[in-house]
Protein chains: 2
Amino acid sequence: MATIAQVAVKAGVSTATVSRALNKPEMVDAKTKAKVQEAVQSLGYRPNQVAQGLASRSSRTIGVVVNQFGSAYYGTMIDGAERALRKIGYKLIAESSGEAAEGERSAWQSLFDRQCEAVIVHSDALAEEELTGFMEKHPMSVLMNRHLPDYEDRCVYLDNIRGGALAAAHLVAKGHRKIATITGPFSYHEARDRLKGFEQQLAEAGIPLDPDLTAEGNFKDDMAFERMMALLNGPKEFTALFCQSDEMAAGAIEACRQKGLRIPDDISIIGFDDVDLARHLSPKLTTVRQPLREIGAAAGLLAHAVARKSPDIEGICRSFEAEVIERASVLDLNTGS
Amino acid sequence: MATIAQVAVKAGVSTATVSRALNKPEMVDAKTKAKVQEAVQSLGYRPNQVAQGLASRSSRTIGVVVNQFGSAYYGTMIDGAERALRKIGYKLIAESSGEAAEGERSAWQSLFDRQCEAVIVHSDALAEEELTGFMEKHPMSVLMNRHLPDYEDRCVYLDNIRGGALAAAHLVAKGHRKIATITGPFSYHEARDRLKGFEQQLAEAGIPLDPDLTAEGNFKDDMAFERMMALLNGPKEFTALFCQSDEMAAGAIEACRQKGLRIPDDISIIGFDDVDLARHLSPKLTTVRQPLREIGAAAGLLAHAVARKSPDIEGICRSFEAEVIERASVLDLNTGS
DNA sequence: TGCCTTGATGTAAGCGCTTACAAATGACAA
DNA sequence: TTGTCATTTGTAAGCGCTTACATCAAGGCA
């Protein structure tokens with residue numbers, strides 16, 4: 001690999017001039033610039049970006065930590081972040097936490113050790129209190145898809161309360177009154193918020209949330225399958241189900257199938273997320289869409305703005321709205337279709 | 001951020017000693033080590049890994065370029081690679097190519113500019129010839145899930161010929177004789193290989209591949225839907241279909257549904273990949289499994305071995321075998337179940 | 001002509017580390 | 001006592017860049 005020094009020798013100038021010719025072209029004479037260009041070409045010189053970063057104290061790198069990369073949920077957000085950052089010449093270093101609190105802590109720290117200018121964290125395992133501590137300790141961090149009131153301006157998040165309300169409103173509008181729900185784990189802020197919005201919206205329609213029809217899941221299909229089985233075997237009847245993730249909806253659908261129940265004829269189901277899976281399920285799943293790619297992109301931009309202490313922070317959308325995508329898994333009781 | 005110089009002052013030793021105390025503990029006296037440790041603690045010192053890398057000429061970073069991160073296919077491989085690398089203290093810099101040849105070229109180059117010790121490439125867009133050129137130009141590269149005969153020892157790949165054969169064998173064993181197939185794009189090596197294995201295996205059973213029952217898709221569901229519609233509307237009958245990706249199988253299933261055809265009663269379908277989607281489809285999809293996570297992990301390890309010029313290269317599994325996962329989308333014509 | 005600008009380039013000091021090599025210390029054998 | 005050797009530490013030269021500051025030549029102006 002050619003170095004700047006070799007280019008300088010070949011072009012007959014100092015390394016400072018080479019550096020300037022490349023980075024601040026307006027400061028150097030046209031003829032000199034030409035000589036430098038030629039030397040660069042003939043040596044195939046490419047600046048060592050790590051050395052540049054060390055000297056200029058800017059790595060142009062953002063870190064991201066998520067549970068794992070294999071699921072569409074995380075993958076889509078990361079994709080959004082990476083594309084947004086790549087456009088402005090930034091790179092993404094990705095680390096997975098292995099779904100453990102200790103993994104989140106160490107990944108967070110180690111990304112800074114790698115001189116990431118900022119890091120994007122999707123925390124699942126850290127309690128609110130510890131998270132707050134980290135946000136304070138690492139001011140160059142932003143939270144993705146989680147809302148921490150104390151650090152409002154460094155969070156990109158979905159309005160989960162409203163998301164939950166949307167699900168309830170949709171079901172109620174379709175004439176459902178007896179509604180069950182399988183939530184995410186209550187240790188997750190999102191799960192609590194979605195349930196809260198769901199409950200509030202039901203209340204507005206004069207329907208109290210029935211604890212017997214409320215089950216705590218873990219966003220995964222297997223557990224949702226079991227919960228749904230229990231609900232179906234329970235004494236209470238219901239015509240509709242709200243699952244806080246599409247994957248759980250898939251598990252619930254499977255349970256219905258095993259019990260010989262048809263969807264949406266016998267039971268209506270609405271999911272949450274709108275990952276690819278949703279439109280491949282049978283019937284196609286009506287769901288509450290999270291704009292994951294947009295959320296990821298916003299997190300990337302926010303991280304960049306925070307790192308650069310840019311005043312644009314205010315201009316970056318930090319709060320996103322969910323929307324219901326109507327497909328074929330909810331029956332309209334009013335019209336029967 | 002504290003620097004090594006500050007630690008040195010606080011501990012009353014030279015920076016060299018601090019460096020040694022931290023990286024080669026056996027070289028320094030126990031008492032000195034204790035003083036250093038204490039200074040490190042009290043200053044909260046953490047080594048700047050970028051500076052370490054510059055000085056020691058090793059970044060402990062591997063790059064990876066894929067089409068996009070949002071799909072389970074790429075996500076799972078990346079997950080495998082990241083976990084394998086994290087265990088040996090390496091980090092992953094991820095860049096997406098935006099599904100374009102130019103994106104692949106520039107990502108590849110730019111990851112080296114960031115001093116990645118090696119880069120893992122999942123090339124979709126580059127033709128074999130250009131790819132060979134890149135492998136020659138960048139010896140610290142490995143190919144993930146693609147097989148380039150000239151650089152056999154720097155490729156981690158699935159035996160796609162065998163994978164295609166497996167699909168054919170399964171269908172034939174179930175008594176199918178009239179078999180259609182929707183392939184990936186023929187510009188993809190994988191698609192050609194899978195078709196080749198498929199054809200060979202059929203030939204062994206005395207069944208010629210019928211061009212009228214062979215359609216070229218693009219691994220996506222939409223196009224598969226159209227291709228399947230055309231096949232169904234065509235003059236030739238068939239009892240089974242092999243799709244070269246699960247996503248295409250989902251599209252084909254949708255087409256059957258629209259035509260009022262039941263699966264597997266009227267038509268049997270076997271997919272390829274075994275991503276999460278497969279077990280959520282209805283009926284659950286019988287498919288040829290690619291061990292994506294293992295392939296990703298092997299690519300990570302191979303990249304590391306290549307970067308370190310380690311002789312272990314030979315010990316890393318580079319060729320993976322597919323396997324058929326039997327679920328519910330293929331009817332056994334022999335028994336009728 | 002002399003002085004001040006202005007623009008282009010070079011010099012050299014870092015950025016935060018590692019690592020040859022040199023130096024110092026003490027133990028030990030002759 | 002002296003020389004040898006092993007052990008521990010320090011000195012300083014990088015790694016490949018950027019950038020503040022110094023330098024220098026040329027042009028403008030009184």
Side-chain angles (χ1 to χ4, degrees), chain A residues 1-40 43-61 89 91 110-117 307, chain B residues 1-40 43-61 89 91 110-117 307:
Chain A
M1 277 287 87
T3 71
I4 201 174
Q6 299 173 33
V7 175
V9 169
K10 183 132 193 166
V13 298
S14 72
T15 61
T17 300
V18 175
S19 175
R20 280 186 292 247
L22 265 20
N23 305 315
K24 321 209 163 137
E26 73 284 0
M27 285 184 68
V28 2
D29 188 78
K31 285 169 193 164
T32 317
K33 228 160 14 194
K35 281 190 299 181
V36 170
Q37 295 293 3
E38 200 195 304
V40 165
L43 290 171
Y45 169 72
R46 312 210 98 225
N48 175 332
Q49 302 213 23
V50 165
Q52 280 187 322
L54 185 60
S56 63
R57 271 148 290 252
S58 85
S59 64
R60 298 187 82 77
T61 308
K91 290 228 177 313
S110 103
L111 286 167
F112 279 116
D113 292 347
R114 290 278 165 138
Q115 303 309 108
C116 289
E117 293 181 16
Chain B
M1 277 289 86
T3 71
I4 201 175
Q6 298 173 34
V7 174
V9 169
K10 183 130 193 169
V13 298
S14 72
T15 61
T17 300
V18 174
S19 175
R20 281 186 292 246
L22 265 21
N23 306 315
K24 321 204 164 145
E26 72 283 1
M27 287 184 68
V28 1
D29 189 78
K31 284 169 193 168
T32 317
K33 228 163 10 194
K35 282 191 297 182
V36 171
Q37 295 292 3
E38 199 194 306
V40 165
L43 291 171
Y45 169 73
R46 310 211 100 225
N48 175 331
Q49 303 211 20
V50 166
Q52 280 187 323
L54 185 60
S56 62
R57 271 149 288 251
S58 86
S59 63
R60 297 187 81 76
T61 313
K91 290 230 177 310
S110 102
L111 286 168
F112 280 116
D113 292 348
R114 290 277 165 139
Q115 304 308 108
C116 288
E117 293 181 15

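Predicted, not measured: the structure shown is a model, and the values here were computed from it. Letters A, B, ... mirror the listed sequences (proteins, then strands); counts begin at 1.
One atom, CE of A/M27, and another, P of C/dT6, lie 15 Å apart when rounded to the nearest Å. Rounded to an integer number of Å, the gap from CD of B/E26 to P of C/dT19 is 12 Å. One can place CG of B/L22 at 13 Å from P of C/dT19, the figure rounded to the nearest angstrom. In this structure, A/R20 atom CZ and C/dT11 atom C1' are separated by 10 Å, rounded to whole Å. To the nearest angstrom, C1' of D/dG10 lies 13 Å from NZ of B/K35. In this structure, CG of A/L54 is placed 7 Å from P of C/dG16, rounded to the nearest angstrom. If you take CD of B/Q52 and P of D/dG16, they are 17 Å apart, rounded to a whole angstrom. In this structure, the NZ atom of A/K24 is 16 Å from the P atom of D/dC17, given to the nearest Å.
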Would you please test B/N23 and B/Q52 for side chain to side chain contact (heavy atoms under 4.5 Å, CB included) and show each step? CA-CA 11 Å; B/N23 306 315; B/Q52 280 187 323; 4.2 Å; yes
Using the rule given for side chain to side chain contact (heavy atoms under 4.5 Å, CB included), can you reason through B/V50 versus B/L54, listing the C-alpha separation, both sets of side-chain angles and the distance that settles it, and then say yes or no? CA-CA 6 Å; B/V50 166; B/L54 185 60; 5.7 Å; no
Given side chain to side chain contact (heavy atoms under 4.5 Å, CB included), test B/Q49 with A/Q115 step by step and report yes or no. CA-CA 7 Å; B/Q49 303 211 20; A/Q115 303 309 108; over 6 Å; no
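Between B/S19 and C/dC17 there is no side-chain N or O to OP1 or OP2 distance below 4.0 Å. The side chain of B/N48 contributes no N or O atom lying less than 4.0 Å from OP1 or OP2 of C/dC15. The side chain of B/S56 places no N or O atom within less than 4.0 Å of a non-bridging phosphate oxygen (OP1 or OP2) of C/dT18. At D/dG10, one or more side-chain N or O atoms of B/T17 fall inside 4.0 Å of OP1 or OP2 (strictly under the cut-off). For the pair A/S14 and C/dG10, the criterion of a side-chain N or O lying under 4.0 Å from OP1 or OP2 is met.
If you check every strand for non-hydrogen atoms under 4.0 Å, B/V13 touches sugar and phosphate atoms only. Looking at heavy-atom distances under 4.0 Å, A/K33 makes no contact with the nucleic acid at all. The residue A/K31 sits apart from the nucleic acid: no heavy atom pair falls under 4.0 Å.
Remark on DNA chain C: of its neighbouring residues A/T15 and A/V28, the 5'-side contact belongs to A/V28, judged by nearest-heavy-atom nucleotide. Nearer the 5' end of DNA chain D, as judged by each residue's closest nucleotide, is the contact made by B/G12, out of A/A55 and B/G12.
Contact of A/R57 with C/dG14 (side chain to base): no donor-acceptor pair of N or O atoms is detected under 3.5 Å.
Using a 4.5 Å cut-off on side-chain heavy atoms (C-beta onward), A/L43 and A/K10 make contact.
Using modelled atom types, no side-chain atom of A/E38 and backbone atom of A/A11 make a donor-acceptor pair closer than 3.5 Å.
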